[in-house]
Each structure stands twice: as structure tokens, then as C-alpha cells.
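Below is one structure, written out as C-alpha cells; the observations come after it.
Throughout, protein chains are lettered first and strands after them, A, B, ... in sequence-line order, and every chain is numbered starting at 1. What you see is a predicted model; the values in this text were computed from it and never measured. Just the heavy atoms: all of them, side chains too, but no hydrogens, waters or symmetry mates, feed the values below.
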Amino acid sequence: MTTFFFFVLMSLGILIGVYLYRVLKGPTIFDRVLGLNGISTKAIISLIVIGVYFDRVDMFIDISTGYALINLVGALAVAKYLEEKGLP
Amino acid sequence: MNILAIIFMSAGLFFLVVAAIGVVRLPDVFSRSHAVSLTDSLGAFLMLIGVAFHEGLDTNTLKILVVLVLLYILNPVIAHATIRAALRSGLKPWKKENL
Amino acid sequence: MIFSYEIILLLLLLITAAGAIMVKDLMSSVLLLGSYSFFLALVWAWTGAVDVAFVEAVVGAGLATVLFLLTLFRTAPKDTRLRRPLPSLITLIVFPLVGVLLLYAASDLPGYGDPNSPASVHVSPTYLEQSYQDSHTLNVVTSVLMDYRSLDTMVETVVIFASGIACALLLRRHG
Amino acid sequence: MVTRSRPISSEFLFLKTITLFVFWVLFSASFEWVHLGLGLIFSFAVAWLNSGHSPFVPRFRLWLRIFLYIPWLFYEIIRSSLHLSKLILHPALPIDPHLISVESKLHHHAAVVLLGNSITLTPGTITAEVDRNNLIVHAIDKVSGADIVSKQIELKIADIFKDEKPDL
């Protein structure tokens, strides 16, 4: 089971790399925002899986909740900003 | 229980991989956001359900379910906000004729 | 096996940091810094420093992004474009040298989680054993920060509070 | 001082306080009287500061119908997720993105919110703009777009909200 969780963690890391390609390359700013959003989802899952891997979910689950909520605030701020400023 | 967890997490991983492929392959922001926010959140959902099965029934599982509901509520909101900003700032969706 | 996940995370960190410097406009740089904080928080979580990971996630990824955006919001659009001069020859020589020196020094550090290292035999056991009797706080990190080092933390908090007020005064809406 | 555009509805305030308090208990996970009392005070304060937004309080019958609606929505999500995965993994990438303008016949704020959210949740379609009951939807291909044009989701939601007073 531990091996399986490690496998999941590794694949999540590689998937984050794929999203990072989109953040770095992204022709428009919105591509970067989308990539960031995808990365944050992966980070939330990764945190929980790390918690399961170390058998201490109780410590990691609070971080991931905080992450999810703060991520919403950040993403909405970015969207509001882009809506008012237009394309850079 | 562990078998169930592995099945759910593998299904979640499949959807996450599909979303990542979509992010690279699809042509513009509008179609990419379909892959990122929606296929992705289904993948996250299945994966967290798998983790919850592995954990069994206690407080942590309840918290995992809260994270799951939060993800599922927040992801579409973020996708909608981003897409609306893109549309309002004058970006045109990609059309097939432009090939 | 235990290190291979770290290697992936550190590679991602390097790529993001390089990207945040190389990218053309400030907005993308801010977004890249946000993802940098995500990875850093993952690294902290993986090494077991949960509290630091929490602060990094909330402050680095959330608040810092919003504050940077507010700053960009108040500046003129022409300021957000970047023009960087090429690094000079001295920079190109000195920085890798310092990096090599630091790596060389790091080889003398005790191993990760070593129970015989100086840090874990000197005062740490005392704190770990007595913090609950002394302060009745369940979290050891909190009791060290808030009880044993309370004066230090208080001055720190004053500095943060003052800078927070300064930010609020600078960023408030006029009229 | 806080200025309010709408009067505070006490029912809404109560519901919000309870929700925030449940979250508090879940995250603190301690059942000492001091913590519970502090949580109650703080959740009431936060709810009071933010209670000027929506006067809408769903009745019990509505809750039940929405809970019955969620499994159907989930089935739809999985079905169209598989469709979208097929599109993405197809070597030729047979997508045809287009914008659809939908005018809904719903006369309720909450109903329009639910419709927009359901459309966004079903993969293949995203609500891009909402203006009263006109929605602009971005669909990734003709099959996904057909679901919106056939108004299947809208009929379900109209069925949920058929007893409510219209306020749009």
C-alpha cells in the first residue's frame, strides 16, 4: 500500500511538471492562471497523500483545507484584476 | 477496503492524466479550462474518495470529505471567473476554420 | 526511494524560480512566484515541518499573491513590462562559486533526522519533555514560539503589525 | 459603521451562524467549554458582519429536492467526463468550440445560480457570462452543446423551484 501511495505521489509530481509547462509557456496570461489553478489542485491532493504516506493525516488535512480556501481568494483576485485591466 | 481505495485512486489518477494531456493538447484558454477545472476536479474527487476509504471512518475522513466538497464548489467558481475575465478582456475563442 | 520525490519537487522549484526571473511581464512573474510557494510548501510538508508549510501556503501562495496584485493594480501599465540587462561577468563567476562552497559546507552537516546530531541532543529534549508541564499547550512549536521565546515573538509581531499598517495606509482607496 | 443595503433576516443569520460553528468544531476538534463558547461568539460575529448579502433561505422541501437532484447531476458529470476524455485522447482531436447564448425561463436568483453552476460542473460546457437570465455558454463540441440547447438541466431546476415565489 505504501508503494502505491509513493507511486501516486510521483505521478502527481510529474503531472505538476506538465502544468508548469503551461504556466511557463502560456501564450496569454489566462493560460498561466489556469495552470496555476491546476497546480494548486494537485498540491492539495499531494498534501493529503503525503499525510496518508506518513500516517499523520490529522496534521496535513488542515493545511490542505487552508490551501483550498486561500487558493479561491487568490484566484478570484487574479480574475478580478484581469477583468478590470484587460490583456497586458 | 484497500482494494477499493486502489481502484478509486487509479480511476482518479486516470482522469488527472487525461486533464494534463488536455492542458497540453487543446488549442486555447476556453477549451483548456474544460480540461483543467472539470476533468481535474472529478479526478481529485475520486482520489480523495479513495483516500477516505483507506482511512476508514473517523474525524479525519470527515475533514477529507469537507476538502472534497470545497474543491468541488470552488473549482467551477474559479473556472467561471477566469473564463469571464478572458471573454471580457476581448479574447476570441478558437474556431475550427482558423486551422 | 525516500529522496526521489524530493528531487522532483526541488527540480520544479528550480524551474519555477528561473522562470520567475526570465519571464517578460510582472503579472506572469507574480503567478510563477505563487506556484513557487506551492512547491515550497510541499517540500516543507514532505520534510515534516507542517507549521512552516501552513504559513508558506497561506502567506506565500495566498496573501503575497493578492498583495502583489494590489500593487500592480495601482501602478501604470507601462511599469509592468520588464527590461533586464544581461548579468555581468563577475556575477556569472561569483555566484556559482558561492554555490559550490555552500554545497561543500553542507557535506559536513549531520544527516537528516540523525538522533546524535548536536541540534537534537543539546536543548531539544528538555523542551520536548517539559513543554506540556510548563505551558499546558499541546503543540510544542507553539509553546516554544509563544512561551519560551515570547519576548522575541512580541517584538517580531510589533514589526509585522507596523508593516501591515503601513501597507494598509499605502493601499487604501482614496475617496 | 457598517452600512447595509438590505435588512438582516434573522433566519439567514441563524443558518449562517450554525454553518460557521459546525466548521469551527470540525477544525478545532476540541470540546472544552471555552473553545465552544469562543467559537459560537466568533461565528455569530462573522455572520452578523456578512449578513447583508442574500435574504434567501431555502425551505426544508427545497433542500430535499436539491439533495435528490445532486445524484442525477453526478451521473451527468461522470457521463460527460468520459465523453470529454474520449475527445482529448482521440488522435485527431475532434473538437469544435463555440459559444451558445441561452435564455432561461427561470425567475429566481438561486435557480439561475444553480443552473449556471450545474452547467459549469458538467464537463464540456462552461458558463462564461450571466446577465439576469441570459447565459453565455462555451461548449467544446456539438454533443456537449446539444445538452444545453435541449434544456434538460433547466427543466429539472424549474421543477425544483416550482413552489417558490419568483424574485427576478
Side-chain angles (χ1 to χ4, degrees), chain A residues 1 4-5 7-8 11-12 14-19 21-23 25-42 44-45 47-49 51-52 56-62 64-65 67-69 71-72 74-88, chain B residues 2 5-6 9-10 12-13 16-17 19-24 26-30 32-37 39-41 43-45 47-48 50-52 54-55 58-64 66-71 73-75 77-91:
Chain A
M1 205 60 196
F4 179 70
F5 278 123
F7 168 71
V8 169
S11 356
L12 282 175
I14 294 166
L15 286 182
I16 286 179
V18 175
Y19 280 87
Y21 163 76
R22 188 45 75 196
V23 177
K25 181 134 181 299
T28 65
I29 194 84
F30 301 104
D31 291 291
R32 299 178 203 269
V33 178
L34 276 184
L36 191 62
N37 185 17
I39 286 177
S40 61
T41 314
K42 302 292 165 308
I44 290 164
I45 306 170
L47 273 175
I48 293 180
V49 177
V52 178
R56 291 300 302 269
V57 195
D58 51 335
M59 284 167 76
F60 288 83
I61 193 86
D62 290 339
S64 61
T65 321
Y67 240 69
L69 287 171
N71 177 36
L72 171 82
L76 285 187
V78 173
K80 252 319 184 240
Y81 169 84
L82 291 174
E83 214 168 86
E84 295 207 10
K85 280 251 168 166
L87 282 175
Chain B
N2 279 350
I6 288 182
M9 290 182 80
S10 310
L13 209 57
L16 290 183
V17 170
I21 294 174
V23 167
V24 176
L26 290 172
D28 76 331
V29 191
F30 296 93
R32 264 174 220 143
S33 71
H34 291 283
V36 174
S37 340
T39 321
D40 210 33
S41 41
F45 185 85
M47 198 148 238
L48 292 186
V51 173
H54 178 259
E55 281 298 299
D58 62 8
T59 336
N60 294 331
T61 316
L62 211 64
K63 283 187 185 175
I64 290 178
V66 168
V67 174
L68 199 153
V69 171
L70 272 181
L71 264 184
I73 296 174
L74 301 188
N75 252 344
V77 172
I78 295 173
H80 166 67
T82 315
I83 287 301
R84 193 174 74 161
L87 199 67
R88 282 195 182 170
S89 68
L91 216 62

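- Highest contact tally toward chain A, considering only V51(B), L16(B), V77(B), D28(B), is held by L16(B) [criterion: heavy-atom pairs under 4.5 Å].
- Contacts of I48(A) with chain B are made by side-chain atoms alone, with heavy-atom separations under 4.5 Å and no backbone atom involved.
- Neither the backbone nor the side chain of L87(B) has a heavy atom closer than 4.5 Å to any heavy atom of chain A.
- Between V36(B) and R22(A) there is no side-chain heavy-atom pair separated by less than 4.5 Å.
- Remark: R32(B) engages D31(A) in a salt bridge (charged side-chain N to carboxylate O under 4.0 Å, His left out) (not counting sequence neighbours).
- Side-chain contact between F30(B) and I83(B) is present, with at least one heavy-atom pair separated by less than 4.5 Å.
- Proximity to chain B is limited to the side chain of K42(A), based on heavy atoms less than 4.5 angstrom apart.
- Without hydrogens or angle criteria, R32(A) side chain to V23(A) main chain gives a donor-acceptor distance under 3.5 Å.
- Between the CD1 atom in I39(A) and the CG atom in L15(A) there is a gap of 11.0 Å [rounded to 0.5 Å].
- The parts of V24(B) that come within reach of chain A are both its backbone and its side chain, each placing non-hydrogen atoms under 4.5 angstrom from that chain.
- Put simply, of V17(B), L48(B), N2(B), the one with the most heavy-atom pairs under 4.5 Å next to chain A is N2(B).
- Of the atoms belonging to L12(A), it is side-chain heavy atoms, and not backbone ones, that fall under 4.5 Å from chain B.
- Contact of the V18(A) side chain with the I21(B) side chain is not registered, since no non-hydrogen atoms from C-beta on lie closer than 4.5 Å.
- The residue among I14(A), I44(A), I45(A), N71(A) with the most heavy atom pairs within less than 4.5 Å of chain B is I45(A).
- In this structure, the side chains of V69(B) and I73(B) come closer than 4.5 Å at one or more pairs of heavy atoms.
- With a 4.5 angstrom heavy-atom cutoff, I64(B) touches chain A via backbone and side-chain atoms both.
- Scored by the ring-ring contact (aromatic ring centres under 6.0 Å, His included) test, H54(B) finds F5(A) as partners (sequence neighbours excluded).
- Both the backbone and the side chain of V23(B) come within less than 4.5 Å of a heavy atom of chain A.
- For chain A, the nearby parts of A19(B) are the backbone and the side chain; heavy atoms of each come within less than 4.5 Å.
- Interface residue L70(B): only side-chain heavy atoms are found under 4.5 Å from chain A.
- The parts of L34(A) that come within reach of chain B are both its backbone and its side chain, each placing non-hydrogen atoms under 4.5 angstrom from that chain.
- In this structure, the portion of F7(A) lying under 4.5 Å from any heavy atom of chain B is its side chain and not its backbone.
- Here the closest non-hydrogen pair linking A20(B) and Y19(A) is N-OH, 4.0 Å.
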